[in-house]
Structure formats: C-alpha cells, structure tokens
Peer 1: 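Right, I'll just put the structure down here and ask away after.
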There are 2 protein chains.
Amino acid sequence: MSFKTLPSQKLSTTECNQALMHVRDALEVLSGKWKLPILIALSSGEMRFKQIAKEVPGITDKMLSKELKDLEINQLVTRTVLDTFPPTVLYQRTEHSDSLSEVILSLREWGLLHRQKIFGK
Amino acid sequence: MSFKTLPSQKLSTTECNQALMHVRDALEVLSGKWKLPILIALSSGEMRFKQIAKEVPGITDKMLSKELKDLEINQLVTRTVLDTFPPTVLYQRTEHSDSLSEVILSLREWGLLHRQKIFGK
DNA sequence: GGTAGTGCTATCCTAAAGGATATTACTATA
DNA sequence: TATAGTAATATCCTTTAGGATAGCACTACC
C-alpha cells in the first residue's frame with residue numbers, strides 16, 4: 001500500500017497510515033462551511049464579533065461563535081476580551097494560521113485545474 | 001477582503017470569492033471518510049471491487065459503490081466492465097488523479113506541522 | 001442441490017452539521 | 001423611559017453523512 005505523493009518513494013503501511021492521519025488533520029481544520037470565510041475576513045486585521053458577522057454573509061451568531069471557538073482551539077485565531085461595557089472581544093489571525101496559506105494556495109490551484117477538467121474551459 | 005495566500009498580492013472581492021470557490025471544489029473532492037483510502041488502495045494498480053473492499057478496512061459495499069461513483073464523476077478513477085460472469089469491474093486511478101498528489105502532500109505536511117503545534121512534539 | 005463469489009441496490013437507522021429563533025446582562029444614547 | 005448594541009448561549013428543527021442489513025441475478029464448484 002503506497003501513495004503517489006512522492007514520485008519513486010515507497011511508503012510502508014505504517015508510514016502510509018500516518019500520512020493519511022496528517023492529511024485528515026489538515027482537512028478537519030478546514031472542514032465545514034464557515035472556517036475559510038472567517039479566516040478570509042480576519043485577513044484584513046483584528047475584528048470584533050459583529051464586524052466578522054457582517055463580513056461573512058449568511059452566518060448566524062451561533063455558528064460564528066462555535067467556529068471561532070474551534071479556530072481558537074486550533075490556534076488559528078486569538079481571542080482578546082477587553083473589560084468594557086458592552087463587552088469588546090477582538091479576534092485576530094495567528095502566525096500559525098499564516099502557515100496555512102501554502103495549503104490553501106495549493107487547494108485553490110488544484111480546484112481551478114479540476115473545474116477546467118470537469119466543465120471544460 | 002483579501003486572503004494571505006500570496007504575499008503582497010491584493011485580491012478584489014470577486015477574485016476572492018472565486019478563490020474560495022476553487023478551494024471548496026478541491027476540499028469537496030477529498031471530503032468524506034473514504035475517498036483518500038480508496039485512492040491509496042488504487043495506487044498499487046487497477047483493482048476489482050472486492051479487492052478494494054479488502055484493502056479499505058471497515059468500508060461497506062454501499063459506501064464503496066457510492067464513493068467509486070463520485071470518484072468516477074470527478075474523473076479520478078476509471079471504471080471498466082468486462083463481459084464475464086460473475087461480472088468483473090476494474091477500477092483504476094487516472095492521470096488527473098495523480099495531479100492531486102501535490103495537494104495531498106501539502107495537506108500532509110501542514111497536518112504534521114499542526115499536530116506538533118497543538119500537541120507539542 | 002447447496003454454497004460461495006460478484007458488483008451492486010434498497011431500506012432503515014443513528015449521529016452530526018448546520019439553521020432559525022429567542023434570551024441573557026448591561027450600558028449609552030435618544 | 002424606551003431602544004439599540006454586545007457577545008454570546010439555549011432550544012428546537014432539518015438536512016446530510018454514514019452504517020447495518022438484506023437482497024438480486026447468475027455461475028462455478030463441491
């Protein structure tokens with residue numbers, strides 16, 4: 001059992017399962033309808049909850065709250081609470097989240113290629 | 001609204017939505033529990049239905065049938081029916097499926113990095 | 001004549017994802 | 001005094017993914 005990721009490099013079954021695990025890890029981080037749009041919104045700098053909600057059309061407060069929590073757990077955004085009233089909470093992308101960019105670029109390129117392949121140019 | 005995929009390249013809103021669409025296209029192709037294991041199994045050459053089922057532990061016939069259909073629609077595997085009894089159906093990865101390798105490698109690398117980041121080394 | 005093998009398909013079920021809506025405590029402003 | 005805004009949380013609902021089980025049409029073999 002091997003995977004054609006590395007030309008002329010054979011992977012053992014164990015190595016292959018580990019590789020599969022890493023790929024799944026990455027896919028899980030990007031999974032769901034909202035994580036990418038939220039990260040995109042946050043690319044322009046730190047934002048408050050309601051600001052993000054405006055930048056991500058269609059998302060509900062519940063979903064935004066949940067997804068931000070997921071992203072925080074995965075260290076892709078930081079959450080800063082200011083002691084004001086009404087509460088001010090600032091969200092910001094982390095450096096670690098920047099390291100996702102290559103992956104996303106790669107997905108984007110293949111997605112385009114695939115679309116051309118399937119629907120023709 | 002821009003995305004930090006390309007350093008110092010600003011994307012317009014439209015460009016950004018298109019980029020998002022391509023990323024989603026790619027993610028959709030890899031989504032679900034079984035597509036990657038099936039592609040991995042098929043990496044060792046063309047195989048029959050029951051052979052794949054053996055190589056992918058835990059998958060049911062129904063799931064395998066459905067996933068193979070999806071993969072065929074996305075031109076990632078070819079399906080060849082031989083006129084025998086019992087029916088012989090051969091599945092094989094396409095060249096287009098090989099172009100996924102870079103994406104998968106990129107996901108795999110980031111997945112590893114992420115796991116180290118979250119759980120420590 | 002039973003039994004195993006082949007590549008599916010159909011039915012039924014559970015679990016998870018995601019959406020709609022309402023509510024919370026509190027303040028600043030009209 | 002009423003209202004809008006803040007960052008959530010709670011409840012309820014629908015949709016989707018995925019699993020368990022059984023069946024089918026047919027042949028070859030024991």
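A, B, ... follow the sequence lines: proteins, then strands. Residue 1 opens every chain. What you see is a predicted model, and the numbers here were worked out from it, not measured in a lab.
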Peer 1: Write down the distance between CD1 (A/I59) and P (C/dG19), rounded to a whole number of angstrom.
Peer 2: 8 Å
Peer 1: Rounded to the nearest Å, what distance is computed from the CE atom of residue B/M63 to the P atom of nucleotide D/dT16?
Peer 2: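 That distance rounds to 15 Å.
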Peer 1: Mapping A/K66 and B/P87 to their closest nucleotides on DNA chain C, which lands nearer the 5' end?
Peer 2: B/P87
Peer 1: Do B/L64 and B/I52 come close enough that some side-chain heavy atom pair is under 4.5 Å?
Peer 2: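 Yes. Closest side-chain heavy atoms under 4.5 Å.
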Peer 1: Is the distance from OP1 or OP2 of C/dT9 to the nearest side-chain N or O of B/S65 less than 4.0 Å?
Peer 2: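 For B/S65, the contact criterion (side-chain N or O under 4.0 Å from OP1 or OP2 of C/dT9) is met.
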Peer 1: Can you label the angle between the A/Y91 ring and the A/F49 ring as parallel, tilted or perpendicular, going by 30° and 60°?
Peer 2: tilted
Peer 1: Classify the nucleic acid contact of A/G32 as base, sugar-phosphate or nothing, counting any heavy atom under 4.0 Å across all strands shown.
Peer 2: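 Sugar-phosphate contact only - A/G32 comes under 4.0 Å of backbone atoms but never of a base.
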Peer 1: Of the nucleotides C/dC8, D/dT6, D/dT27, which one has an atom closest to the side chain of B/F85?
Peer 2: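 Looking only at side-chain atoms, B/F85 lies closest to D/dT27.
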Peer 1: Grab the CD-P distance between A/Q51 and D/dG5 for me, whole Å please.
Peer 2: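 Computing the A/Q51:CD to D/dG5:P distance gives 14 Å.
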Peer 1: Just N and O in the side chain of A/K69: are any of them under 4.0 Å from OP1 or OP2 of D/dT9?
Peer 2: yes
Peer 1: Starting at atom NZ of A/K54, determine the distance to atom P of D/dA4, rounded to an integer number of angstrom.
Peer 2: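 That distance rounds to 15 Å.
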Peer 1: Using side-chain heavy atoms (C-beta onward) and a distance below 4.5 Å, is A/L36 in contact with B/V23?
Peer 2: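 Yes, close enough: below the 4.5 Å cut-off.
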Peer 1: Calculate the interatomic distance between B/D61 atom CG and C/dT6 atom P; express it in whole Å.
Peer 2: 11 Å
Peer 1: To the nearest Å, how far apart are A/K62 NZ and D/dT11 C1'?
Peer 2: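 Roughly 9 Å, once rounded to whole Å.
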Peer 1: May I ask you to evaluate whether A/R48 reaches the phosphate of D/dA8, defined as a side-chain N or O under 4.0 Å from OP1 or OP2?
Peer 2: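 The answer is no; no side-chain N or O of A/R48 sits under 4.0 Å from OP1 or OP2.
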Peer 1: So B/K33, base contact, sugar-phosphate only, or nothing? Heavy-atom distance under 4.0 Å.
Peer 2: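 Sugar-phosphate: the residue B/K33, judged by heavy atoms under 4.0 Å, touches backbone atoms but no base.
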Peer 1: Regarding B/T88, tell me which of base, sugar-phosphate or nothing describes its non-hydrogen contacts under 4.0 Å with the strands shown.
Peer 2: sugar-phosphate
Peer 1: Would you kindly give the CG-to-P distance between B/L64 and D/dG19, to the nearest whole Å?
Peer 2: 12 Å
Peer 1: Rounding to an integer number of Å, can you tell me how far A/W34 CH2 sits from C/dA17 C1'?
Peer 2: 12 Å
Peer 1: Quick check, are the ring centers of A/H22 and B/H114 under 6.0 angstrom apart?
Peer 2: no
Peer 1: Does a side-chain heavy-atom distance below 4.5 Å link A/D70 with A/E67?
Peer 2: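 A side-chain contact exists here, since the closest heavy-atom pair is under 4.5 Å.
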